[in-house]
There are 2 protein chains.
Amino acid sequence: MAALRKKVQPRRLKGNVAIDKAVYDAIRRAMLMGRLLPGTKLREPALARVLKVSRERVRKALHRLVHEGWLEAVPNRGTFVPALTIEEVREIYDVRTMLETAIVQRLCAEHGAPAAQRLKAHVSEERQAVRTDDRGRLFGLSGEFHILLAELCGNEQLSRLLRGLLTRSTMHFSLSAPERFHNCAGPHDHADIVKAILARDAKKAAKLMLDHLLGLVEWQSAWRPPPDPVALEDAFRGISAKRQA
Amino acid sequence: MAALRKKVQPRRLKGNVAIDKAVYDAIRRAMLMGRLLPGTKLREPALARVLKVSRERVRKALHRLVHEGWLEAVPNRGTFVPALTIEEVREIYDVRTMLETAIVQRLCAEHGAPAAQRLKAHVSEERQAVRTDDRGRLFGLSGEFHILLAELCGNEQLSRLLRGLLTRSTMHFSLSAPERFHNCAGPHDHADIVKAILARDAKKAAKLMLDHLLGLVEWQSAWRPPPDPVALEDAFRGISAKRQA
DNA sequence: CAAAACGAAAATGTGCACATTATTCCGCCA
DNA sequence: TGGCGGAATAATGTGCACATTTTCGTTTTG
C-alpha cells in the first residue's frame with residue numbers, strides 16, 4: 001500500500017523559518033515601497049511564482065500579515081491591500097499621541113546621561129541627513145526617532161506596541177504617496193522635542209510632540225492618492241524572497 | 001496516473017471558518033480559566049484529539065495565538081504557555097496607564113449625555129454584581145469597564161489595542177491565581193473614576209485611574225502561584241470546540 | 001553506579017492532491 | 001445590443017502523507 005505512493009523528491013529544507021521571514025519581508029517591503037496600491041488582490045499562486053517559493057509559504061506569510069493588520073482577508077475571496085481611511089489614519093495618530101506625549105513626559109522626568117547622549121546623537125544624525133540631502137536615510141531616521149523615544153523608557157511592551165502603530169501609520173504614506181514621503185516629518189520638530197526633554201520641560205515636550213503628530217496627520221490628510229492599478233510582477237520587480245537587502 | 005490516487009472521502013465543510021474560531025476560543029478559554037499553567041506544552045496531536053478536530057485547525061489556531069502573544073513557539077520544539085514575568089506584567093500595566101489616563105482625561109473633556117448614561121449603567125451593574133456576590137459576572141464587568149472607557153472615545157484602533165493589552169494583563173491573573181481573581185479590581189475604584197469623569201475633573205480622574213492600575217499590578221505582584229502540572233485532557237474538560245458557551 | 005550513546009516513538013514541519021468556492025468568459029435570449 | 005445564465009477556469013481551503021527533528025526509554029561502557 002505504501003509502495004504505490006509516489007516517492008517525494010529529496011527536499012532540502014535547511015533554512016525553513018528563514019524563508020518564511022523572507023517571504024513576509026518581501027511582501028511588506030513591496031507595500032512600504034508603495035508598489036502595492038490599496039485594493040490590490042494578492043493571489044497566492046502568482047506570489048508563489050514571483051517569489052519562487054511554495055504556495056504554503058506565501059499563505060503563511062499572508063495570514064501573518066493579516067493578523068498584524070497589514071492586509072485584509074475575505075474568506076474564500078482572497079487577501080487584499082487595505083484601503084486605509086483618512087479616519088483610520090487619524091485614529092492611529094490619536095493613539096500615538098496618547099502614548100508619545102506620555103513617553104516624552106516620562107523621559108523628562110527620569111532620563112539619564114546615556115539617554116541624553118543617544119537623543120543628541122540622533123538629532124545630529126538627522127541634521128547630517130538633511131545637510132547631505134539623503135532622503136532615504138532621513139526617511140528611516142524620522143521613524144526611528146519615535147522608536148528611540150519609546151525604547152529609552154525601558155519598556156519592551158511599549159516599544160513593540162509603538163513599532164506596530166508606527167508601521168501602520170506610515171503604511172498609508174507608503175500606499176498613497178511614497179515619492180512625497182521623505183520631505184515630511186521635519187527634523188526640526190524632532191530637535192525641538194529633544195531640546196525640551198533635555199531641559200526636562202515636560203509640559204513643553206508634550207505640547208511639541210502633540211503639535212508634531214498633529215502636523216503629520218494634517219499633512220497626510222491633505223494628500224489624495226491617484227488611483228492607478230499595478231501588475232503584481234512589476235510590484236515585486238527587484239524584490240526577492242531569497243536574499244533581502 | 002491520477003487513477004491510482006486514493007479517492008478522498010466525501011468531506012463536509014460547511015462551517016470552516018467557524019471551526020477555526022471555535023478551536024481558537026477553546027484554547028483561549030482554557031487559558032483564561034487557569035487550566036493551562038505556564039510552561040505547559042501544547043501538543044498538536046493531543047489537542048486535535050481532545051477537541052475533535054484535525055491537526056491543521058489546531059496548528060492554525062496555535063499560530064494565531066502565538067502571533068497575538070498568548071503563546072510562545074519554539075521552532076521544531078512546540079508551542080508553550082508563556083511564563084509571564086512580573087516585570088512584563090508591570091510593563092503592560094505601565095502602557096495601560098499611559099493610555100487609560102489619557103482616555104479618562106479625554107472623556108472628561110468631551111463626553112456627551114449617552115456616554116454618561118452608559119458609564120452610570122455600568123457602575124450600577126457592577127454594584128448589582130457585588131450585591132448578589134456574582135463573582136463570575138463581576139470578573140467580566142471589571143474588564144469590560146476599561147474597554148467601555150476606550151470605546152466611549154470613539155476610536156476603533158484604541159479599543160482594539162486596549163482590548164489586547166487587557167487580555168494580556170489578565171492572562172497573568174488567570175495563569176497564576178484564577179480562583180483569587182474575582183475579589184480584586186474593586187468596583188469602588190471604578191465608581192470613583194466614573195464620578196470624576198462625570199464631574200469633568202480631568203486631573204482627579206487621571207489620578208484615580210493611575211492609582212487603580214497601580215493597585216492592580218501591586219496586588220498581582222504580591223501573589224506567587226504554586227507550580228503544579230496539569231494533564232491536557234483535564235485542562236479541556238468541559239471545553240469543546242464544537243459549541244462555545 | 002552514573003553518564004554517555006544508541007534507537008524507537010512521537011511531535012513538528014511541509015509539499016501536495018484534492019474539494020470547494022469564486023471569477024471569467026461565452027453563448028443565448030429578450 | 002445589452003443583460004443573463006451556465007460552463008470552463010482559476011483561486012482558495014483543507015486533509016494527508018510523508019521528511020525532519022526532538023524526546024524519551026533502554027542499553028552499554030568507563
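Lettering of chains follows the sequences in order, A, B, ..., and the numbering in each one begins at 1.
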Asker: For A:Y24 and A:E68, does a side-chain donor sit closer than 3.5 Å to a side-chain acceptor?
Answerer: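 Judged by distance alone, the side chains do pair up.
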
Asker: Nearest of D:dT12, D:dT23, C:dT14 to any side-chain atom of B:R77?
Answerer: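 Of the candidates, D:dT23 comes closest.
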
Asker: Is B:E125 salt-bridged to B:R137, going by a charged N under 4.0 Å from an acidic O?
Answerer: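 Looking at B:R137 together with B:E125, the answer is yes, because their closest N to O distance falls below 4.0 Å.
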
Asker: C:dG15, C:dA11, D:dA17: which one has an atom nearest the side-chain heavy atoms of A:R57?
Answerer: C:dG15

Asker: For A:F80 and for A:E56, locate the closest nucleotide of DNA chain C by heavy-atom distance; then report the residue assigned to the nucleotide nearer the 5' terminus.
Answerer: A:E56

Asker: Just how far, in rounded Å, is P of D:dT14 from CG of A:L62?
Answerer: 15 Å

Asker: May I have the distance from B:K60 (atom NZ) to D:dG13 (atom P), rounded to whole angstrom?
Answerer: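 Rounded to whole Å, this separation is 7 Å.
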
Asker: Using a strict cut-off of less than 4.0 Å between a Lys/Arg side-chain nitrogen and an Asp/Glu carboxylate oxygen, indicate whether B:D94 and B:R90 qualify as a salt bridge.
Answerer: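 Salt bridge absent between B:D94 and B:R90.
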
Asker: Using five base pairs at each end to define the local axes, how bent is the helix from C:dC1-D:dG30 to C:dA30-D:dT1, to the nearest 10°?
Answerer: 10°

Asker: Under 4.0 Å, counting only non-hydrogen atoms across every strand here, what does A:E44 touch: a base, just sugar-phosphate, or nothing?
Answerer: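 If one applies the 4.0 Å heavy-atom cut-off, A:E44 turns out to touch the sugar-phosphate alone, with no base involved.
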
Asker: Identify which nucleotide among D:dT14, C:dT14, D:dT12 has an atom closest to any side-chain atom of A:D20, counting heavy atoms from C-beta outward.
Answerer: C:dT14

Asker: Give the nucleotide from the list D:dA17, C:dA22, D:dT14 with an atom nearest to the side chain of B:R55.
Answerer: D:dA17

Asker: Is A:D134 reaching over with its side chain to a backbone N or O of A:A129, donor-acceptor style, under 3.5 angstrom?
Answerer: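 Between the backbone of A:A129 and the side chain of A:D134 there is no qualifying donor-acceptor contact (under 3.5 Å).
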
Asker: Check whether any side-chain nitrogen or oxygen of B:S54 sits under 4.0 Å from OP1 or OP2 of D:dT14, and answer yes or no.
Answerer: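 For D:dT14, OP1/OP2 do not have a side-chain N/O of B:S54 under 4.0 Å.
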
Asker: Can you check the A:R59 CZ to D:dT14 P distance for me, whole Å?
Answerer: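 Answer to the nearest Å: 8 Å.
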
Asker: Can you tell whether the side chains of B:E56 and B:K60 come within less than 4.0 Å, N to carboxylate O?
Answerer: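 No, B:E56 and B:K60 are not salt-bridged.
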
Asker: For A:R28, which residues count as a side chain to side chain donor-acceptor pair (under 3.5 Å) partner, sequence neighbours excluded?
Answerer: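 A:R28: no side chain to side chain donor-acceptor pair (under 3.5 Å) contacts found.
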
Asker: Could you tell me whether A:R163 and A:E151 have a side-chain N and a carboxylate O separated by less than 4.0 Å?
Answerer: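 Salt bridge flag = yes for A:E151 with A:R163.
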
Asker: Rounded to whole angstrom units, what separation is found between the CZ atom of B:R49 and the P atom of C:dT12?
Answerer: 11 Å

Asker: Give the rounded distance in Å between these two atoms: CZ of A:R43 and P of D:dA11.
Answerer: 6 Å

